[in-house]
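Numbers restart at 1 for each chain; the letters A, B, ... are given by sequence-line order, proteins then strands.
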Number of protein chains: 2
Amino acid sequence: MVFIEEVTVRLTTKGRYAVTAMLDLAFHSQVKPVTLTEIAARQTISLSYLEQLFARLRRAGMVKGVRGPGGGYKLCRKAGEINIAEIIAAVDEPLDSTKCGGEGNCQKGDACLTHNLWMGLSKQIRTYLVGISLADLLEKDQVQEVAKRQHYDAQQAIEVCYRPE
Amino acid sequence: MVFIEEVTVRLTTKGRYAVTAMLDLAFHSQVKPVTLTEIAARQTISLSYLEQLFARLRRAGMVKGVRGPGGGYKLCRKAGEINIAEIIAAVDEPLDSTKCGGEGNCQKGDACLTHNLWMGLSKQIRTYLVGISLADLLEKDQVQEVAKRQHYDAQQAIEVCYRPE
DNA sequence: TACTTAACCCAGCAAAATAGTCAACTATTA
DNA sequence: TAATAGTTGACTATTTTGCTGGGTTAAGTA
């Protein structure tokens with residue numbers, strides 16, 4: 001299976017709003033749908049801005065809108081099956097970030113070298129965030145464990161070589 | 001001991017430029033200082049923008065400028081002692097991110113709950129990035145290969161620019 | 001000393017992203 | 001039918017981004 005991976009992770013206030021809102025939703029929508037008005041009030045985010053964010057989250061298949069009285073938003077999947085990276089990716093524009101798309105025009109190797117280094121790091125960060133779900137965050141105790149485990153894994157992955165002085 | 005920790009990590013294009021430039025510097029400044037003009041050319045970042053970024057990196061005590069001919073920038077510390085989180089923190093404005101600074105005005109517990117969840121995650125991400133140094137990135141296997149090839153190119157370029165005495 | 005180099009500093013500026021308002025719609029429920 | 005709440009789009013203000021261009025200052029070199 002081949003994904004066109006979105007390697008570049010941006011972690012802006014926009015993403016923070018989205019994650020915060022999704023956390024709020026995951027926490028409150030277990031009984032009934034949650035209106036954006038409620039989330040807006042609780043998290044002090046403007047309603048219209050939330051509407052924009054949730055339009056994207058909906059198109060990404062992460063939430064479902066229920067119209068009419070008693071309606072609101074609910075999660076399409078379980079909180080454990082929604083990770084942080086996809087929330088951020090849903091609200092952030094792709095912004096391809098590769099000045100030399102793939103290979104082509106980077107004759108000067110140095111540019112591509114550093115470029116690839118950054119892409120590698122970015123991918124690591126992404127992998128890290130993929131490993132954290134909404135449910136992980138809601139169950140605080142687990143979070144710490146998961147975090148430690150993933151930190152270790154990631155470090156292994158890049159073959160850290162700390163030189164003692 | 002109490003630190004006023006900068007918990008919120010922003011990962012924007014600005015931070016990417018900074019990390020990319022620092023990687024370039026770490027890679028090339030082992031022999032002599034590297035000019036911003038060189039980095040600008042290699043990484044296709046405007047010189048003036050690099051100047052802004054390096055002004056911050058310098059104030060953060062990560063790089064040192066050497067004036068005059070043969071000058072440029074060099075790292076203040078070893079590449080293994082400079083981590084990604086501090087590079088990003090140096091160029092990004094603090095942007096305190098806490099709407100309820102500490103405790104005060106969050107009577108509604110839900111808001112603070114979600115807020116704390118986010119802060120917890122943000123802190124994890126920060127911890128993750130603190131654990132990755134410039135040296136870690138440079139010491140990846142694939143890098144070394146490319147690096148060897150490029151060392152020749154780089155030398156050529158230097159000999160072209162600077163006439164050997 | 002004069003010249004060059006390159007860091008350092010600053011004012012401003014266009015484009016983009018951010019965050020939000022307003023208004024009109026549609027689907028659902030009571 | 002009326003109220004609710006999602007859906008959509010156009011439009012605005014503010015901030016950030018990335019850059020241009022003009023300097024000044026320190027350190028080498030002829």
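Rounded to whole Å, atom C1' of D/dT16 lies 11 Å from atom CZ of B/Arg56. B/Arg16 places its CZ atom 8 Å from the P atom of D/dG18, with the value rounded to the nearest Å. Across the protein-nucleic acid pair, B/Gln43 atom CD and D/dC19 atom C1' stand 18 Å apart, rounded to whole Å. In this structure, B/Leu50 atom CG and C/dC8 atom P are separated by 13 Å, rounded to whole Å.
Contacts of A/Thr37 with the nucleic acid, taken as non-hydrogen atoms under 4.0 Å apart, are absent. Nucleic acid contact for B/Phe54: none, since no nucleic acid atom lies under 4.0 Å from a heavy atom of the residue.
A/Phe27 and A/Leu75 end up in the same hydrophobic cluster when Ile, Leu, Val, Met, Phe, Trp and Tyr side chains are linked at under 4.5 Å.
The nucleotide whose nearest atom lies closest to any side-chain atom of B/Thr12 is, among D/dT17, C/dC9, C/dA19, D/dT17. Comparing C/dA6, D/dC19, C/dA19 by their closest approach to the side chain of A/Thr13 singles out C/dA19.
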### Query
What string of B, S and - do you get for nucleotides 20-30 of chain D, 5' to 3', if B is base contact, S is sugar-phosphate-only contact and - is no contact with any protein heavy atom under 4.0 Å?
BB---BSBS--

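Note on residues 35-63 of chain B: pairs passing ring-ring contact (aromatic ring centres under 6.0 Å, His included), not counting sequence neighbours, are B/Tyr17-B/Tyr49, B/Phe54-B/Tyr73.
Mapping A/Arg59 and A/Gly70 onto DNA chain D by nearest heavy atom places A/Gly70 at the nucleotide closer to the 5' end.
The two atoms that bring B/Gly65 and B/Arg58 nearest to each other are N-CD, 4.4 Å, heavy atoms only. Heavy-atom minimum distance, A/Leu47 versus A/Thr37: CD1-N, 3.8 Å.
Applying the salt bridge (charged side-chain N to carboxylate O under 4.0 Å, His left out) criterion to B/Arg77, with sequence neighbours excluded, gives B/Glu86.
For the atom pair OG (B/Ser122) and CZ (A/Arg16), the distance works out to 8.0 Å, reported to the nearest 0.5 Å.
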